[in-house]
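Notes follow the structure.
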Amino acid sequence: MNQDYIKPNEWSILEEGFDAQMVKSSESLFSIGNGVMGQRANFEEQYTGNTFQGSYIGGVYYPDKTRVGWWKNGYPEYFAKVLNAPNWIGINVLINDEKLDLHTCKEISKFRRELNMKEGWLSRSFEAVLQNGIKIKVDTKRFLSLEFDEVGAINYNVTPLNSEANITYTPYIDAGITNEDTNWDDQFWDVLEVSQKNQQSYIQARTMKTHFYTCTFMESRLFVDNSEIITGCNNEQTSNFTSCNYQQEIKQNQTFTIHKFGGYVVDRNHKKDELVTAAKEVLDKAVSFGFDALLEMQKQSWAQIWNMSDITIEGDVKAQQGIRFNIFQLNQTYLGTDATLNIGPKGFTGEKYGGSTYWDTEAYCIPFYMATKDQSVARKLLEYRYNHLDKAIENAEKLGFTNGAALYPMVTMNGEECHNEWEITFEEIHRNGAIAFAIFNYYRFTNDYSYIPEKGLEVLMGIARFWQQRATFSSDKNKFMILGVTGPNEYENNINNNWYTNYIAKWCINYALENIDVVKIDHVSDYIRIKEKVGFSDEELKAMKNVADNMYFPYSEKKDVFLQQDGFLDKELITVENLDKSQRPINQKWSWDRILRSPYIKQADVLQGFYMFEDDFSTEELEKHFDFYEPFTVHESSLSPCVHSIQAAKLDRMDQAYTFYLRTSRLDLDDYNHEVEEGLHITSMAGTWMSIVEGFGGMRVLNNTLSFLPKIPKEWKTYSFKVNFRNQVITVNVSQNGNHFELEGSQKISILVNGEKVTVSPSNLLAV
């Protein structure tokens, strides 16, 4: 564990006391977003200490040219980078002509920062003595509006405590920003125009290469002791910067307040030649409501989100804080309002992974959004991949595949592969299976089959064709093999017959063939359209079936387990508990060569398959494989603890399940991986939700029926959650003394609890 300065609290993330060493970590942890844009928790005023400034706009990216020492055929030409957008939150503060800067203050006391997750705002307060001897009190609060998702608002207060003071506020927009993550130090933005009119300021800019047009805007209002004052501002501007200066004599213990409204409009939503007009409309609306009214709307919007997505835990504050932090960040990152957006592993909290879409969305995020939102939100995530099917076919063609075979990208912004590490781009092809599994998972949970004949079957066919062509027939074993791959365990590259990859390939082919049969009978017009468009024949389907039926799976008779890959037992099998702790984490201490030769597993691999396809295996088989593979797992992927928590709970190993839960829920809060300053692990946060709902709650869909096998850690008194199952909302409450189920709506529903069928009626608490 790297840090423990975050104070336990059920509804807030709290930091007390200023520590310059923690500034970048806190900038990540206290990040805010509204699904459309987001920003790290940078200070509004100038800070000359170590900081990572970051503001991001969903869907706006730059194709940063790939930088490798040795080019290989098939390499993507670029790595997409989410762009550090023009900074609108900045407010320089002068006290008797001295800049407020926490890095240079004589003294800082009573520093407190709060991210209020219940109401969706970030606040900060402190007292400081400047070099000129003036002592001030500062209180700030800001949020990114959910109601008006192009705008954010800041309330910034300064109170001189030991004398009167001349205070200057200089709110500004700065488009002269750079990315922390860049291959060639390119200029990403081309500033087109800087303009000001009355109290409003605008910077129009265009991204290089991708040509996204944006307008960043701001407007401010001033108050003394809560009474608005009308004062002129001195406007200043350069080619990429605009500011307004407001100066006021403030008496001792008076409070000088600025309300700043700012944000972005982009040509994804407006005409590119009308962006200033659109920005003015947004500003006029925001300012007319004012900070307090917008904040009240923010509280109401978050109340609606929490009403459905909250998980309550009694008796364990750190566990409660952890799960709410995860749920909060997921909702800040993606709300399903725009089908062209998706979920990046860092969300809006940093630049690592380029802000792009990974297989994490399908494997981990879709269950959360299916159960806590209207099912249309999850369907949008499926449609995102359908809309990129042509690009997936192009990606496969670049690698030599034909006939409509589709390889979905490991990393993407627009459907085109943009990951530039060969062992991932060329070999971590199991991601293709996650796309197909998400279609299955969506239908299983929602019972909405319409997506498959309308769109999904085309995706399934492209994926099945890829697996058929990617498999190699071994005359020696008389089986089909999949050679030269990287499985979910990225600590093994270019290995043969990764069990998980082979298993999901077989499953994908069978699932595509199964749905062809269903659509052929039940959706005749769609079948005719798809067959004509995709062009499959009975001979091709028969060849696919042959590959699936004769897939090879490495297995050890001696160990009685499926092998992670052909050569796994050739390694020196030293378990993690016998690994010197000074060597951890191995991804920061060892050479890549040493890691590849080791038996250590980054995240669930075989056990990932047992999680996704658990109906195919007995509990005894799971236990055998868990006991074999978990001791070699170093859990150095954020996606690892959640799956292991679910599996441990299924095996009734609640102490182990609880330990894994704490690790996944507090991965960032406690900085287990020593990297939180780079940004949060957003997609693994959905896995944290799964670890409670599917792990401890035991939620599954069995034989078309919602099922629960509730268990509770000994550290908790109770926990509860809601799931929206086929438009019926069920509340599950689990305690040390029993389980309760409650149903919203008007129709009763039958569910399984511990294998027994029970009926839950609306507004009637059922004890089981």
Side-chain angles (χ1 to χ4, degrees), residues 363 430 433 437 477 479 481-482 485 487-492 495-507 510 551-579 598-637 639-661 663-664 687 690-691 694-700 702 707 709 711 713 754-755:
H430 67 81
F437 183 82
K477 290 186 171 61
K479 291 285 185 180
M481 300 185 160
I482 301 181
V485 299
N489 172 32
E490 292 175 335
Y491 289 174
E492 288 185 322
I495 49 88
N496 295 332
N497 295 309
N498 170 252
W499 180 85
Y500 172 79
T501 302
N502 288 23
Y503 200 89
I504 206 167
K506 172 188 175 78
W507 179 88
N510 284 334
M551 187 67 71
Y552 169 75
F553 298 104
Y555 180 79
S556 169
E557 296 284 352
K558 181 178 180 180
K559 301 290 186 181
D560 194 22
V561 294
F562 293 111
L563 294 180
Q564 188 166 279
Q565 47 91 3
D566 279 345
F568 190 80
L569 293 184
D570 295 330
K571 300 188 176 193
E572 189 176 6
L573 298 178
I574 300 172
T575 59
V576 174
E577 69 175 0
N578 292 308
L579 177 64
S598 80
Y600 301 120
I601 302 170
K602 184 180 181 185
Q603 68 189 75
D605 194 305
V606 172
L607 294 178
Q608 181 77 30
F610 271 72
Y611 162 70
M612 294 173 75
F613 305 109
E614 66 176 357
D615 292 347
D616 297 351
F617 306 100
S618 67
T619 303
E620 291 73 24
E621 286 175 302
L622 170 62
E623 185 171 37
K624 190 172 295 183
H625 286 80
F626 189 94
D627 287 342
F628 181 74
Y629 284 109
E630 197 285 323
F632 296 110
T633 306
V634 290
H635 303 290
E636 289 175 8
S637 164
L639 300 174
S640 189
C642 59
V643 173
H644 285 84
S645 180
I646 294 168
Q647 302 290 45
K650 183 174 181 178
L651 295 173
D652 238 353
R653 301 179 183 183
M654 292 302 291
D655 287 346
Q656 200 172 14
Y658 175 74
T659 298
F660 281 128
Y661 164 76
R663 177 156 182 170
T664 184
M690 287 159 44
S691 68
E694 297 182 9
F696 301 146
M699 187 187 78
R700 304 289 191 275
L702 300 177
S707 172
L709 292 169
K711 299 171 183 177
N754 295 322

ask   = Can you list the steps and then say if Tyr491 with Val634 is a side-chain contact (heavy atoms from CB on, under 4.5 Å)?
value = CA-CA 10 Å; Tyr491 289 174; Val634 290; 3.8 Å; yes
task = Go through the steps for Lys650 and Glu694 under the test salt bridge (Lys or Arg N to Asp or Glu O under 4.0 Å), then give the verdict.
result = CA-CA 9 Å; Lys650 183 174 181 178; Glu694 297 182 9; over 6 Å; no
task = Show your reasoning for whether side-chain contact (heavy atoms from CB on, under 4.5 Å) applies to Gln647 and Gln656.
result = CA-CA 10 Å; Gln647 302 290 45; Gln656 200 172 14; over 6 Å; no
Roughly how far apart are [X] [atom1] and [Y] [atom2], rounded to 0.5 Å?
{"X": "Gln608", "Y": "Ile601", "atom1": "CD", "atom2": "CD1", "answer": "12.5 Å"}
{"X": "Met551", "Y": "Asn502", "atom1": "CE", "atom2": "CG", "answer": "5.5 Å"}
{"X": "Lys624", "Y": "Ser618", "atom1": "NZ", "atom2": "OG", "answer": "8.0 Å"}
{"X": "Thr501", "Y": "Phe553", "atom1": "OG1", "atom2": "CZ", "answer": "10.5 Å"}
{"X": "Glu572", "Y": "Ser598", "atom1": "CD", "atom2": "OG", "answer": "10.0 Å"}
{"X": "Leu622", "Y": "Thr619", "atom1": "CG", "atom2": "OG1", "answer": "6.5 Å"}

request  = Would you please name every residue forming a salt bridge (charged side-chain N to carboxylate O under 4.0 Å, His left out) with Lys559, sequence neighbours left out?
outcome  = none
remark   = salt bridge (charged side-chain N to carboxylate O under 4.0 Å, His left out) filter on Lys479, not counting sequence neighbours, yields none
Val485/Asn496 under side-chain contact (heavy atoms from CB on, under 4.5 Å): CA gap, chis, key distance, verdict = CA-CA 6 Å; Val485 299; Asn496 295 332; over 6 Å; no
key: Partner set under side-chain contact (heavy atoms from CB on, under 4.5 Å) for Pro641, not counting sequence neighbours   =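 So Pro641 forms a side-chain contact (heavy atoms from CB on, under 4.5 Å) with Phe660, Arg663, Thr664.
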Pairing residues for Ser707 by the side-chain contact (heavy atoms from CB on, under 4.5 Å) criterion, not counting sequence neighbours = Leu702, Leu752
Please report the shortest heavy-atom distance between [X] and [Y], naming the atom on each side.
{"X": "Ser691", "Y": "Cys642", "result": "CB-O, 4.2 Å"}
{"X": "Val561", "Y": "Phe628", "result": "CG2-CD2, 4.0 Å"}
{"X": "Ala649", "Y": "Ala657", "result": "N-CB, 3.6 Å"}
{"X": "Asn497", "Y": "Met481", "result": "OD1-CB, 3.1 Å"}
{"X": "Leu607", "Y": "His644", "result": "CD1-NE2, 3.6 Å"}

N/O donor-acceptor pair under 3.5 Å between [X] side chain and [Y] backbone:
{"X": "Ser637", "Y": "Leu639", "result": "yes"}
{"X": "Thr575", "Y": "Pro631", "result": "no"}
{"X": "Glu630", "Y": "Asp627", "result": "no"}

From CA spacing to verdict: side-chain contact (heavy atoms from CB on, under 4.5 Å), Met612, Tyr500 = CA-CA 10 Å; Met612 294 173 75; Tyr500 172 79; 3.1 Å; yes
key: Within-4.5 Å side-chain heavy-atom neighbours: Tyr555 and Leu563   = no
key: Note, His430 side chain near Pro488 side chain (heavy atom, < 4.5 Å)   = yes
request  = Under the side chain to side chain donor-acceptor pair (under 3.5 Å) rule, collect the residues that match up with Lys571, sequence neighbours excluded.
outcome  = Glu492
inquiry  = Suppose we screen for ring-ring contact (aromatic ring centres under 6.0 Å, His included). Which residues come up paired with Phe610, at least two apart in sequence or across chains?
reply    =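 Listed in chain order: Trp499, Phe617, His625.
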inquiry  = Within the 3.5 Å criterion, strictly below it, is a donor on Ser640 or Gln603 matched to an acceptor on the partner's side chain?
reply    =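 No donor-acceptor contact under 3.5 Å links the two side chains.
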request  = Would you check if there is a donor-acceptor pair between the side chains of Tyr600 and Asn489 at a distance under 3.5 Å?
outcome  =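 No, Tyr600 and Asn489 have no side-chain donor paired with an acceptor closer than 3.5 Å.
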Ring centers of Phe437, Phe613 separated by less than 6.0 Å =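 Ring-ring flag for Phe437/Phe613: true, centres closer than 6.0 Å.
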task = Test the Lys711-Phe696 pair against the cation-pi criterion, namely NZ or CZ under 6.0 angstrom from the six-membered ring centroid and within 45° of the ring axis.
result =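 Not satisfied by the 6.0 Å and 45° rule.
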inquiry  = Among Val643, Thr633, Asn498, exactly one meets side-chain contact (heavy atoms from CB on, under 4.5 Å) together with Asp605. Which residue is that?
reply    =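 Passing option: Asn498.
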Salt bridge present between Glu490 and Lys602 (N-O < 4.0 angstrom) =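 Answer for the salt bridge query: yes.
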